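Following: one structure in structure tokens, then a few remarks.
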Amino acid sequence: MSQDVTDTPYALWEENRNRIVSRQGGWVIGKGVFNHGFSMMDDLVGEITYFQQIFLNLTGKLPDKRLGDWLEAGFICFSWPDARIWCNHMAALSGTSRGAIVSGVSSGIMAADSLMYATGVMVRCHDFIAIALKEKRAGATVEEIVKRHLSAKNELPGYARPIAKGDERIDAMQRVCRKLDIAMGEHEALAYEISDYLIEEYDECLNYGGYLVAFLADHGFSGIEVERLISTAVASGLQAVYVEALERPEGSFLPMRCSDVVYTGPEDRELP
């Protein structure tokens with residue numbers, strides 16, 4: 001019995017069969033390459049920065065150069081050439097095993113998509129600071145905001161940091177904002193107020209993710225847009241550790257003996 005193509009999802013499949021539809025743009029052969037209404041070769045190449053283009057591609061919004069420069073500085077803060085960092089392990093292992101740089105960088109980007117840090121926490125950080133600002137506007141104190149959220153979820157996304165206290169990247173980005181003459185907005189100001197309270201009461205403070213989402217929320221970006229904007233931010237650090245591991249003897253990055261592995265599973269047993 002044949003399926004009626006007017007039924008969902010068959011109608012949708014039939015409508016899109018053998019055709020690609022895009023609101024973003026694309027290449028019109030003989031006319032140009034278009035992106036959200038801009039001719040890329042005429043309007044964008046040589047006229048905007050790559051980081052302005054990242055905003056345009058991911059959000060449909062073309063910001064002024066200052067915001068593009070801010071994002072570029074933000075990427076530098078993510079890309080540390082330190083093979084001890086979790087996601088950087090992937091690139092170093094690819095280099096030491098003589099894998100391709102693309103495989104190492106790609107796997108490292110995937111490892112950074114974590115619920116503990118980097119892209120995976122951005123939406124939760126954004127949700128928290130957005131709700132916190134609404135509560136403050138409604139008359140809540142910082143203490144009330146913090147205690148309510150800790151009681152409900154036992155976490156404050158965007159605050160605290162594993163291993164180290166404080167976050168030197170925030171100081172660096174504040175310096176960038178002063179250089180670019182970018183004023184502080186309400187979300188960012190509240191993020192610092194909460195941080196000051198946490199320092200006094202819990203010996204914890206704002207982390208880089210919390211800073212990023214607060215800053216970008218003040219410029220009208222949603223949590224999912226922030227997640228997309230920084231999705232490849234660790235790439236340069238991954239490239240750095242890949243190259244270093246590749247230039248050293250093969251297999252020399254974190255080699256292990258069998259005795260280094262501590263097994264805690266079931267005892268040896270006979271298999272049928």
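What you see is a predicted model; the values in this text were computed from it and never measured.
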Separation between CD1 of I170 and CG of L206, rounded to the nearest 0.5 Å: 4.0 Å
Modelled atom types, side-chain donor and acceptor of E188 and Y192, under 3.5 Å: yes
Mutual orientation of the aromatic rings belonging to Y211 and W70 [parallel < 30°, tilted 30-60°, perpendicular > 60°]: tilted
N/O donor-acceptor pair under 3.5 Å between Q52 side chain and T49 backbone: yes
Which atom of G237 lies closest to which atom of S79, heavy atoms considered: N-CB, 3.2 Å
Check: R228 and F221 side chains under 4.5 Å, non-hydrogen atoms: no
E143 side, atom CD; K147 side, atom NZ - distance, nearest 0.5 Å: 4.0 Å
D82 side chain to N88 side chain, donor-acceptor N/O pair below 3.5 angstrom: no
Check: S103 main-chain N/O paired with S107 side-chain donor or acceptor under 3.5 Å: yes
Main-chain N/O of H187 paired to D218 side chain as donor or acceptor, under 3.5 Å: yes
Within 6.0 Å of CE in M41, more than 12 heavy atoms from elsewhere: yes
Residue pairs passing the ring-ring contact (aromatic ring centres under 6.0 Å, His included) test where at least one lies in residues 18-54, sequence neighbours excluded: F51-F75
Side-chain donor/acceptor of H149 to backbone N/O of E155, under 3.5 Å: no
Heavy-atom check, side chain of D69 versus side chain of K179, under 4.5 Å: no
Contact check, side chains of D113 and M110, non-hydrogen atoms, under 4.5 Å: no
Shared hydrophobic cluster, L133 / V213 (ILVMFWY, side-chain heavy atoms < 4.5 Å): yes
Residues K136 and E186 bridged, charged N to O under 4.0 Å: no
Heavy-atom pair of closest approach, residues G223 and M122: O-CB, 4.4 Å
Heavy-atom closest contact (G108 atom, C87 atom, distance): O-CB, 3.3 Å
Note, F215 side chain near L67 side chain (heavy atom, < 4.5 Å): yes
pair L216-E225: side-chain heavy atoms closer than 4.5 Å: no
Heavy atoms of other groups near R98 CZ, more than 12 under 6.0 Å: yes
ILVMFWY cluster membership beyond V241 - transitive side-chain contacts under 4.5 angstrom: none
Same apolar cluster: L229 and L180, side chain cutoff 4.5 Å: yes
For I199 against C205, the heavy-atom pair lying closest together: CG1-CB, 3.6 Å
Donor-acceptor pair, side chain of D171 and main chain of E168, under 3.5 angstrom: no
Intermediate values then yes/no, side-chain contact (heavy atoms from CB on, under 4.5 Å), L156 and Y202: CA-CA 12 Å; L156 288 180; Y202 298 95; over 6 Å; no
Euclidean distance, T59 OG1 relative to H219 NE2, rounded to 0.5 Å: 12.5 Å
Same apolar cluster: V243 and L238, side chain cutoff 4.5 Å: yes
Hphob cluster co-occupancy, L71 + L56, side-chain heavy atoms under 4.5 angstrom: no
Note, E47 side chain near D42 side chain (heavy atom, < 4.5 Å): no
Beyond-backbone contact of I109 with T119, side-chain heavy atoms, under 4.5 angstrom: no
Rounded distance (nearest 0.5 Å) linking atom CD1 of I230 with atom CD1 of I54: 11.5 Å
Hydrophobic cluster partners of L93 (side-chain heavy atoms under 4.5 Å): F253, L254
K61, NZ atom: more than 12 neighbouring heavy atoms under 6.0 Å: yes
Distance in Å, Y242 OH paired with I101 CD1, rounded so as to fall on 0.5 Å steps: 6.0 Å
Heavy-atom pair with the smallest gap, counting every atom of V142 and E193: CG2-OE1, 3.7 Å
K31 atom NZ, over 12 foreign heavy atoms within 6.0 Å: no
Minimum side-chain heavy-atom gap M40-Q53 below 4.5 Å: yes
Between CD on residue E227 and CG on residue L212, distance to nearest 0.5 Å: 13.0 Å
Verify same cluster id: F55, V176 (apolar side-chain graph, 4.5 Å): yes
S114 side-chain N/O to G120 backbone N/O, donor-acceptor pair under 3.5 Å: no
For the student: nearest non-hydrogen atoms of E204 and R161, plus distance: OE1-N, 4.1 Å
Audit row: I129, I194, side-chain contact (heavy atoms from CB on, under 4.5 Å) steps and yes/no: CA-CA 10 Å; I129 197 64; I194 294 172; 4.3 Å; yes
Whether Q24 side chain and N57 backbone form a donor-acceptor pair below 3.5 Å: yes
